Protein chains: 2
Amino acid sequence: MYVIMKNKIINNRLNHIGPNFSLHYNEPIHLVKSKGMYLYDINGKKYLDAIGNINIVGHCNDHVVESIYKQASILNTNTRYLYNIMEEYSEKLLKYFPKKLSVIYFVCSGSEANDLALRMANNFTNGSEYIVIDNAYHGHTDSLINLSPYKFKSKGGQGRNSNVHILDMPDAVRGKYRFNENQWINKYINEGKELIDNVAFNKKISAFFSESILGCGGQIILPPNYLKQIFNKIKSNNGVCVSDEVQTGFGRIGKNFWAFEEQKVIPDICTVGKPMGNGHPIAAVITTREIADSFNNGMEYFNSFGGNPVSLAAGKAVLEVIENNKLQENAQKIGNYLKIKFNDLKNKFPDKICDVRGEGLFIGVDLVEKGNPDLPDSKIANFIINHSKKLGLLLSTDGPYDNVVKIKPPLIINIDEANYLIECLDKSINYYINNNI
Amino acid sequence: MYVIMKNKIINNRLNHIGPNFSLHYNEPIHLVKSKGMYLYDINGKKYLDAIGNINIVGHCNDHVVESIYKQASILNTNTRYLYNIMEEYSEKLLKYFPKKLSVIYFVCSGSEANDLALRMANNFTNGSEYIVIDNAYHGHTDSLINLSPYKFKSKGGQGRNSNVHILDMPDAVRGKYRFNENQWINKYINEGKELIDNVAFNKKISAFFSESILGCGGQIILPPNYLKQIFNKIKSNNGVCVSDEVQTGFGRIGKNFWAFEEQKVIPDICTVGKPMGNGHPIAAVITTREIADSFNNGMEYFNSFGGNPVSLAAGKAVLEVIENNKLQENAQKIGNYLKIKFNDLKNKFPDKICDVRGEGLFIGVDLVEKGNPDLPDSKIANFIINHSKKLGLLLSTDGPYDNVVKIKPPLIINIDEANYLIECLDKSINYYINNNI
């Protein structure tokens, strides 16, 4: 019976759903339930979710679900009308931003947010050139694929457009310059500045898009001063700095609510998405009065669903849960604990793990052969996530070599669950070694 | 107290929300509740909603709200997992499409849908040129603004890109060729074909994007045979035909579920959105196996929220309500009745109304001076919608001259409400005339 159901649901995917929507794991999981830190499959198997970055306050959180239900029962409409929840949520959300970032555009997805940021930057600067960091992913719209080396350099990609310019990832472990090299950070900064000046020499820069911790790049922490220096150079060339907080925002990184704060910069435009509604489709662009007023050039911006009362209720509830349950603090506490324990694992398996990095609950474990960062090992990374799945733990891989195990659980994870996570990783690596896989 | 609240909510909009999000009406409405056909403001005033095209099965429909609540309580995740509602809804939705359109990509908004359609067309054809109909609006992403004469030709727009080619609106009333002219339809068709051949002469066509009733163009019904002939010409030049059903889909036009069916064509790609989740953010691209397989070129398509179980539950519930309450039939019945009654008004005010057009509950009333189609009158159109608002009826205006009163209510509208709608329009025009406004 189970096999028949499984075949049926797989056949439906194959027959009816876009084939480049991919499925996790060698054996995809057929889910029937989710709650808190856990997902449950059709056989009753329970999985600790260590990759549920969207469901930031835990799956099916009661307060979020009830808030959606309540608002959906009372009023759902669009931004061409006035309603209270817009005022309540926008004021609450803006408290998390530096004063300079004071105007919100509500949209439906991180991609819509970055696409709108791009339009705003083009409008504000009249520029044509874009600067991005290598291996970045900023969204799936036509224009954003062109700003995403993660996509355009990979299989099926069309390569780099001539108006898109790529900064090297300032990767301390595997990059062109490394942490054990003299002046390694300044080398990245100086090369970056030089590239920007060259671009600006005879063309106009529109925007620099970056995450403040490089997610698809493999959880790369930007070195101190890097973003500040690059921002300054962009600004001195009249470009706009966009901080993409779609993966890193809302307290996930622990010490700060947004990753750009860790870098001691303030962007001109900040985009947020994924966890903003705990799975409900909501995202936003937050920018300065100056950029917003310039964008208000006579063309209306209307988004059928962006800023609807139900989405705003979801967003507001998420902030309330983060606040009431001190989830940012928990992200820092458990994140620090996990990093210590992952470093213990690194010491235990120095041949396999060459680096543990990240902030809060946005962590990467970098897998290699022979302890050599120049031998990134996607095979063991892939084994770990599939073996952990058998053990009831969900992880994923990322980075340009697909060798970084990514840990980005809901922020409600507790110490026991963190220990289970470590245990599964430990067991998976042990199994891999002992069975000569 | 009310004035203070009103000032507070308006100040919030001015201070915190993107200034080019516009508000309806000279005096914006502060809403607190919506149910069925009605919206309620903070003073308890009730408005019959004749423009609620998104809330197609009525505001806060119980079945839709309960379905969202139920699914949000049980499981919300993303398309990298398998879950039953994906199978249930996709099979149900595909039954409404011709067999040829068999593969779905779920996304969050009509803009995401059209943007994805564009990427698919580019991928399939390797083409660089786009054909659109004048005054069309296909979405707010960077790439789609360029395909939307409604935007790029208007205030704040950057004008036409050289790879975008515009067909005249085959407007029987105000167009270059009119219904009383010999061979008027063929003239549009022949000029369209000629333009397409010229474009294809030394460049490659990617896609022809069109609605099958022109919404932002002013509810223009395409003449018989027009779309068929244009589609054939596009196809003979290896371009892809995209039918944008974001405004017209889901039974609104009465006789058929999709507007392209009325035109007896089958597009290569169909995009749907707005009413799909009755206000919940969901949209989709539906295409052929051939195009989907070509798009599956190694690049994953992932959309954080597109195809999540809660959005699919909303979509499924909407189809169930449309079916169980025979709303497509109601759209046809009330739509026909309204058109008869609007034509009576046209006979009563031949100087003011020059045309009544549309299908089902997607209707336009074209306002002019002196009964002359070449004197489109946005002033009276604007007066009508603001005066009707005072009478408790919500209407909007559209079209290149903003002189077309648009009627696109939820499909649950009954005969009494239709009569009230007529009455308000009648009263508004009378008031305008009698008071020499």
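Predicted model only: the values in this text are computed from it and were never measured. Every chain is numbered from 1, with letters handed out A, B, ... down the list of sequences.
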Asks: Could you tell me whether the side chains of A/N84 and B/H30 share a donor-acceptor contact shorter than 3.5 Å?
Replies: yes
Asks: As an exercise: rank B/S311, B/A284, B/S22 by heavy-atom pairs under 4.5 Å with chain A and give me the winner.
Replies: B/S22
Asks: Can you tell which part of A/Y137 gets under 4.5 Å to a heavy atom of chain B, answering side chain, backbone, both or neither?
Replies: side chain
Asks: Any Lys/Arg nitrogen of B/D293 or B/R289 sitting under 4.0 Å from an Asp/Glu carboxylate oxygen of the other?
Replies: yes
Asks: Measuring from A/L395:CG to A/I385:CD1, what's the distance to the nearest 0.5 Å?
Replies: 7.5 Å
Asks: Could you check whether A/S34 and B/N76, counting side-chain N and O atoms only, form a donor-acceptor pair closer than 3.5 Å?
Replies: no
Asks: Select one option (side chain, backbone, both, neither) describing which atoms of A/L394 are under 4.5 Å from chain B's heavy atoms.
Replies: side chain
Asks: Check whether B/I54 gets within reach of chain A through its side chain, its backbone, both or neither, counting any heavy atom under 4.5 Å.
Replies: side chain
Asks: Side chain, backbone, both or neither: which part of A/L118 has a heavy atom under 4.5 Å from chain B?
Replies: side chain
Asks: Assess the side chains of A/S109 and B/E112: does a donor N or O sit below 3.5 Å from an acceptor N or O?
Replies: yes
Asks: For A/Q71 and A/L312, what are the C-alpha separation, side-chain angles and deciding distance, and is it a side chain to side chain contact (heavy atoms under 4.5 Å, CB included)?
Replies: CA-CA 9 Å; A/Q71 186 63 54; A/L312 301 183; over 6 Å; no
Asks: Counting heavy-atom pairs under 4.5 Å to chain B, which of A/C108, A/A283, A/G110, A/S73 comes out on top?
Replies: A/S73
Asks: Taking the side chain as C-beta and beyond, is there a heavy-atom pair between A/Y105 and A/T79 under 4.5 Å?
Replies: no
Asks: Counting only heavy atoms closer than 4.5 Å, note whether A/I291 contacts chain B via side chain, backbone, both or neither.
Replies: neither
Asks: Please state whether the side chain, the backbone, both or neither of A/D142 comes within less than 4.5 Å of a heavy atom of chain B.
Replies: both
Asks: Provide the closest heavy-atom pair for A/G156 versus B/N297 in the form atom of the first, atom of the second, distance.
Replies: O-ND2, 3.1 Å
Asks: Write down the atom of B/N278, the atom of B/V57, and the distance for their closest heavy-atom approach.
Replies: OD1-N, 3.0 Å
Asks: Highest number of heavy-atom pairs under 4.5 Å with chain B: which of A/D62, A/N78, A/I104?
Replies: A/I104
Asks: Return the option, out of B/F295, B/F106, B/Y25, B/F302, with the maximum number of heavy-atom pairs under 4.5 Å with chain A.
Replies: B/F295
Asks: Among B/N308, B/I68, B/N303, which residue forms the greatest number of heavy-atom pairs with chain A at distances under 4.5 Å?
Replies: B/N303
Asks: When only pairs under 4.5 Å are counted, which of B/S154, B/S143, B/G277 shares the most heavy-atom pairs with chain A?
Replies: B/S143
Asks: Relative to chain A, which segment of B/V103 carries a heavy atom at a distance below 4.5 Å: side chain, backbone, both, or neither?
Replies: both
Asks: Highest number of heavy-atom pairs under 4.5 Å with chain B: which of A/N15, A/N53, A/I74?
Replies: A/I74
Asks: In Å, rounded to the nearest 0.5 Å, how long is the span from OH of B/Y81 to CE of B/M86?
Replies: 13.5 Å
Asks: What residue in B/R119, B/H280, B/K274 has the most heavy-atom pairs under 4.5 Å with chain A?
Replies: B/R119
Asks: Below 4.5 Å from any heavy atom of chain A, which atoms of B/I145 appear? Answer side chain, backbone, both or neither.
Replies: side chain
Asks: Any side-chain heavy atom of A/L75 within less than 4.5 Å of one from B/V32?
Replies: no
Asks: Looking at A/R13, A/K35, A/H59, A/Q158, which makes the most heavy-atom pairs under 4.5 Å with chain B?
Replies: A/R13
Asks: Drop me the distance from A/L39's CG to A/L31's CG, to the nearest 0.5 angstrom.
Replies: 5.0 Å
Asks: Taking every heavy-atom pair that is under 4.5 Å apart, which of A/V246, A/V65, A/L116 has the most such pairs with chain B?
Replies: A/V65
Asks: With only heavy atoms counted, which part of B/S90 is less than 4.5 Å from chain A, the side chain, the backbone, both or neither?
Replies: side chain
Asks: Quick one: which of B/G18, B/S304, B/A292, B/P281 has the most heavy-atom pairs under 4.5 Å with chain A, could you say?
Replies: B/P281
